[in-house]
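The residues of the chain are indexed from 1 along the displayed sequence. Computed from heavy atoms alone, side chains included, the values below leave out hydrogens, waters and symmetry copies.
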Amino acid sequence: MKVAIDRINTYEINALKEKLYTLVSNTNFPSVKDKTVLIKPNILSDAPEHKAITTNANLVEAVALILKELGAKSIYIGDSPGLQKPGFDAHASGIKKAVENTGSIFVDFSKSTRDHKVYKNINVPMTTIIDEVDVVISVAKFKTHQLMMYTGCVKNMFGLIPGLNKSPLHLKCPSPEEFAKLLLSIFKESHADYAIMDAIIAMEGPGPANGNARNVGLLMASEDAYAIDYAEAVIMGYKRKDMILTNEAIREGLLDVNDIEYPILDAMDLVISDYKRIESKRRSLFSALIMPYFTKFFSNRKDRKKPVPNFQDNCIKCKRCIEICPAKALTLGTNKPTLDKNKCIRCYCCHEMCPADAIKI
């Protein structure tokens, strides 16, 4: 499989289109002529682009314009944030404007769903648009992630599950390794055909929502989402033992890193040594590869860092952390939330959804 990576330091539409044509011509891009296509960006929350939380709207627009030029019959664009408000249309992130500029159709994933049986025979509702289109493209953001270390084109498809239906899945798959298995099974159900990663302005530090923007200046594309996510982790500087999702994909026979080809720039030559990664518990590569086979016999919850609320100083009392918490470990105390550390499963959903950075890890 091929992962095309090239340098670009602007979100100007024409420059993005030119670079995208270079990337798709160096990879196995699916035929879209006379076909319906879903573009699935990462809209973790409808945040303005300078925060680097969402896939940049200009990149989404450039992808849609290329699809039109290649003869796509119709283009759909959509996502579902963890706390989706009624009437969500991605206007703050600029993606609504990208939809309008390209004559695409915005999809509210909560409007029509069907159940899919995934890891551990769990039934999850997923948007029916994936049953209705011919081609699905994951357009993710290059970001760190407190639970999974990094988040990319595979985890991006978790957003096919609408709103609060996502958070209870952390209870059913509490360890990072089990959650990786769940994410891979959801990705398989998404039938994604191609992957693009926005690594022009990326996020480092406490991602995926409260980290800091960093100019990485890269755009990435591949027919293989597992491979592009591995390349992302390499560029971030993660050691193999910390590549939780990649290691699980390898175990399941979905990825062989030795088969990855880099037709333009090699990920190994792009490693950012001072990238602010998520710190992990020290463990050997052996334990990282072997112990996940025994996740049903143990829980490593206590080995993971706890959320540390800073409710007194930063909290804006929006109650998003309470709404999203699958373990009901947060309750509304005297004018501010309180955390029951014994109930907390360290899924970090509260940290992810907090708009005021009032929760540290």
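Under the 3.5 Å distance criterion, the side-chain polar atoms of E223 are matched with a main-chain donor or acceptor of K2. Of the possible polar contacts, none joining the N26 side chain to the I264 backbone as a donor-acceptor pair under 3.5 Å is found. Side-chain atoms of T102 come within 3.5 Å of backbone N or O of V99 as a donor-acceptor pair. Between the K141 side chain and the I201 main chain, a donor and an acceptor come within less than 3.5 Å of each other. A donor-acceptor distance shorter than 3.5 angstrom exists from the side chain of D79 to the backbone of I43, with no hydrogens or angles considered. Side chain of N123 to main chain of D115: no donor-acceptor pair is present (N/O by atom type, distance under 3.5 Å, no hydrogens or angles). Not one N or O on the side chain of K155 forms a donor-acceptor pair closer than 3.5 Å with the backbone of L184. Side chain of K181 to backbone of E248: no donor-acceptor contact under 3.5 angstrom is found. N58 contributes no side-chain N or O that, together with a main-chain N or O of E12, makes up a donor-acceptor pair within less than 3.5 Å. In this structure a side-chain-to-backbone donor-acceptor pair under 3.5 Å is present from D229 to V154.
Y262 and S222 form no side-chain donor-acceptor contact under 3.5 Å, judged by distance and modelled atom types alone. No donor-acceptor contact under 3.5 angstrom links the side chains of Y238 and E232, judged on distance only. For the 3.5 Å distance criterion, the side chains of D108 and Q84 qualify, holding a donor opposite an acceptor. If you check the side chains of Y194 and T27, you find a donor sitting under 3.5 Å from an acceptor. Under 3.5 Å, the side chains of E204 and N212 contain no donor-acceptor pair of N or O atoms. Judged by distance alone, the side chains of Y21 and E69 do bring a donor and an acceptor atom under 3.5 Å apart. Between the side chains of K40 and N156, a donor-acceptor pair is found at a separation under 3.5 Å. Neither side chain, N42 nor T54, offers a donor N or O lying under 3.5 Å from an acceptor on the other.
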Problem - Intermediate values then yes/no, side chain to side chain contact (heavy atoms under 4.5 Å, CB included), K143 and I53 - result: CA-CA 8 Å; K143 296 193 293 183; I53 293 173; 4.2 Å; yes

Practice task
Could you please spell out the steps behind the side-chain hydrogen bond (donor to acceptor under 3.5 Å, both in side chains) verdict for Y11 and E49?
Solution key: CA-CA 11 Å; Y11 282 112; E49 64 181 42; over 6 Å; no

Practice task
Might you work through the side-chain hydrogen bond (donor to acceptor under 3.5 Å, both in side chains) test for Y76 and T127, ending with a clear yes or no?
Solution key: CA-CA 12 Å; Y76 297 87; T127 174; over 6 Å; no

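The pair E323-R320 does not count as a salt bridge, with every side-chain nitrogen at least 4.0 angstrom from each carboxylate oxygen. Comment: E279 engages K305 in a salt bridge, judged by a side-chain N to carboxylate O separation of less than 4.0 angstrom. Using a cut-off of 4.0 Å between Lys/Arg side-chain N and Asp/Glu carboxylate O, E252 and K188 are scored as salt-bridged. A salt bridge does not link K117 to E189: none of the charged side-chain nitrogens sits closer than 4.0 Å to a carboxylate oxygen. With respect to K19 and D6, a salt bridge is recorded, a charged nitrogen being found less than 4.0 Å from a carboxylate O. Ionic pairing of D134 and K33 is not present here: no N-O contact between side-chain nitrogen and carboxylate oxygen is shorter than 4.0 angstrom.
Among the candidates I77, I39, D198, N56, the single residue satisfying the side chain to side chain contact (heavy atoms under 4.5 Å, CB included) test with V139 is I39.
Pairing each heavy atom of P263 with each of E261, the nearest pair is CD-O, 3.4 Å. In plain terms, the two heavy atoms of T10 and A15 that are nearest each other are CG2-CB, 3.7 Å. Between T144 and P206, the shortest heavy-atom distance links the atoms OG1-C, 4.4 Å. Considering all non-hydrogen atoms of both residues, A327 and K343 come closest at CB-O, 3.5 Å. Listed here is the closest heavy atom pair of P208 and Q146: CD-N, 4.3 Å. Annotation for P162 and T113: closest pair CG-CG2, 3.7 Å, computed over non-hydrogen atoms.
Heavy-atom contacts from other residues, nucleotides or ligands closer than 6.0 Å to CZ of R114 number more than 12. By the neighbour-count criterion of 12 heavy atoms within 6.0 Å, atom NE2 of H116 is densely surrounded, having more than that number from other residues, nucleotides or ligands. Around NZ of K17, the count of heavy atoms belonging to other residues, nucleotides or ligands within 6.0 Å exceeds 12. The environment of NZ in K120 is crowded: more than 12 heavy-atom neighbours from other residues, nucleotides or ligands sit within 6.0 Å.
Residues Y226 and F187 place their aromatic rings such that the two centres sit under 6.0 Å apart. Ring centroids of F88 and F109 are separated by 6.0 Å or more, keeping the two rings apart.
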